[in-house]
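The structure appears right after this line, and notes come after that.
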Amino acid sequence: LLNDGLVGEISERQKKLLAASLANVDRLANIINNLLDISKIESRSIELRRRPADLGALALKAIELLKDLADKKNISIDTKLISGDVTLVDPDQILRVFINLIDNAIKYTGERGKITVGFEVAGNEIKSYVGDTGPGIAKNDQSMIFERFIRLGGAETVARGSGLGLSICKAIVEMHKGLIWVESEPGRGSKFIFTLPKIEGQ
């Protein structure tokens, strides 16, 4: 109400302060919602609505939703899709995994960097991955990166995240009987990989 001027005129300085306040309120609300989601997932109170889904289509939808963020940093996003990349999942939850991983890649990749989203078939599993040309992650940090509230990087990057996205990804993937991990070296980018079981007969 204050920001919209419905209770009286406000100065430009007041508008800036209100905008900062609203941004922080939104961020805190997002943290609370993420914590609630993690709690529901871990307590198994969320029931997966599994159905055949095209992983490539889900990845492309996530890329489209985040295109503006990537464009602002002149980051290109390449895809390496495979034919028959359909498996039995909860599409909404797996879309969330792609969104979190691609959003993280954009945050940590510098100007004019590159992100690659792709798939590989490995035995009875489909491996999905999101790679970037960011600063990479030290070996000592990789073991804790999927824990809650762990955020790596400088102050500007850290301020944009809640430190819960990768925890949510891990919980969702494990609910689907899959695994998630990171392959990275400092100065050589990062590659986040998660597996999902293939549909029998694929």
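Model, not experiment: these values are computed from the prediction.
Applying the 6.0 Å contact sphere to CG of Leu1 captures no more than 12 heavy atoms from other residues, nucleotides or ligands. In the displayed structure, Glu111 atom CD is contacted under 6.0 Å by more than 12 heavy atoms of other residues, nucleotides or ligands. Around the CZ atom of Arg50, the shell of radius 6.0 Å holds more than 12 heavy atoms that belong to other residues, nucleotides or ligands.
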Apply side chain to side chain contact (heavy atoms under 4.5 Å, CB included) to residues Ile137 and Tyr108 and explain how you reach the verdict. CA-CA 10 Å; Ile137 304 166; Tyr108 288 95; over 6 Å; no
Verify side chain to side chain contact (heavy atoms under 4.5 Å, CB included) between Val173 and Phe146, making sure each step is shown before the conclusion. CA-CA 12 Å; Val173 169; Phe146 292 98; over 6 Å; no
Side chain to side chain contact (heavy atoms under 4.5 Å, CB included) assessment of Leu166 paired with Phe192: CA-CA 10 Å; Leu166 289 178; Phe192 284 84; 3.9 Å; yes
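Lys114 places no side-chain N or O within 3.5 Å of a backbone atom of Asp78 that could act as its donor or acceptor partner. Of the possible polar contacts, one joining the Ser184 side chain to the Gly189 backbone as a donor-acceptor pair under 3.5 Å is found. Proximity of a side-chain donor or acceptor of Asp54 to a complementary backbone N or O of Gly56 within less than 3.5 Å is detected. In this structure, the side chain of Gln93 does not engage the main chain of Leu48 through any donor-acceptor pair within 3.5 Å. A donor-acceptor contact shorter than 3.5 Å is absent between the side chain of His176 and the backbone of Pro197. Between the side chain of Thr195 and the backbone N or O of Ile126 there is no donor-acceptor pair closer than 3.5 Å.
Contact check on Glu64 versus Lys67 returns no salt bridge, with no Lys/Arg side-chain nitrogen under 4.0 Å from an Asp/Glu carboxylate oxygen. A salt bridge does not link Lys72 to Asp68: none of the charged side-chain nitrogens sits closer than 4.0 Å to a carboxylate oxygen. Comment: Arg49 does not engage Asp92 in a salt bridge, judged by the lack of any side-chain N to carboxylate O separation of less than 4.0 angstrom.
The line from CZ of Phe119 to OH of Tyr129 is 9.0 Å long, rounded to the nearest 0.5 Å. Going from atom CG of Asn100 over to atom NZ of Lys170 covers 15.0 Å, rounded to the nearest 0.5 Å. Atoms CG and CD, from Leu17 and Gln14 in turn, are 7.5 Å apart once rounded to the nearest 0.5 Å. Taking CD1 of Ile106 as the reference point, atom CG of Leu66 lies at 5.0 Å (rounded to 0.5 Å). Atom CG of Leu196 sits about 5.0 Å away from atom CD1 of Ile94, to the nearest 0.5 Å. To the nearest 0.5 Å, atoms CG (Leu69) and CG (Asp103) are separated by 6.0 Å.
Linking Ile, Leu, Val, Met, Phe, Trp and Tyr whenever their side-chain heavy atoms come within less than 4.5 Å leaves Leu22 and Leu28 in two separate clusters. Both Val89 and Leu81 are part of a single hydrophobic cluster, where members link through side-chain heavy atoms under 4.5 Å apart. The hydrophobic clustering, which links ILVMFWY residues whose side-chain heavy atoms are closer than 4.5 Å, places Ile77 and Leu60 together. Taken together through direct or relayed side-chain contacts under 4.5 Å among Ile, Leu, Val, Met, Phe, Trp and Tyr, Leu6 and Leu2 form parts of separate hydrophobic clusters. Ile63 is not connected to Ile193 by any chain of hydrophobic side-chain contacts under 4.5 Å among Ile, Leu, Val, Met, Phe, Trp and Tyr, and they are in different clusters.
Closest of all the heavy-atom pairs between Thr133 and Thr109 is OG1-CG2, 3.6 Å. Annotation for Ile75 and Gly110: closest pair CG1-O, 3.7 Å, computed over non-hydrogen atoms. Asn140 and Ser143 get closest at one heavy-atom pair: O-OG, 3.6 Å. Closest heavy-atom contact between Glu120 and Lys191: OE2-NZ, 4.1 Å. The heavy-atom pair separating Asn3 from Lys15 by the smallest distance is OD1-O, 4.0 Å. Across Glu125 and Lys198, no two heavy atoms sit closer than the pair C-CG, 3.8 Å.
By the 4.5 Å heavy-atom criterion applied to side chains, Leu101 and Phe194 are counted as neighbours.
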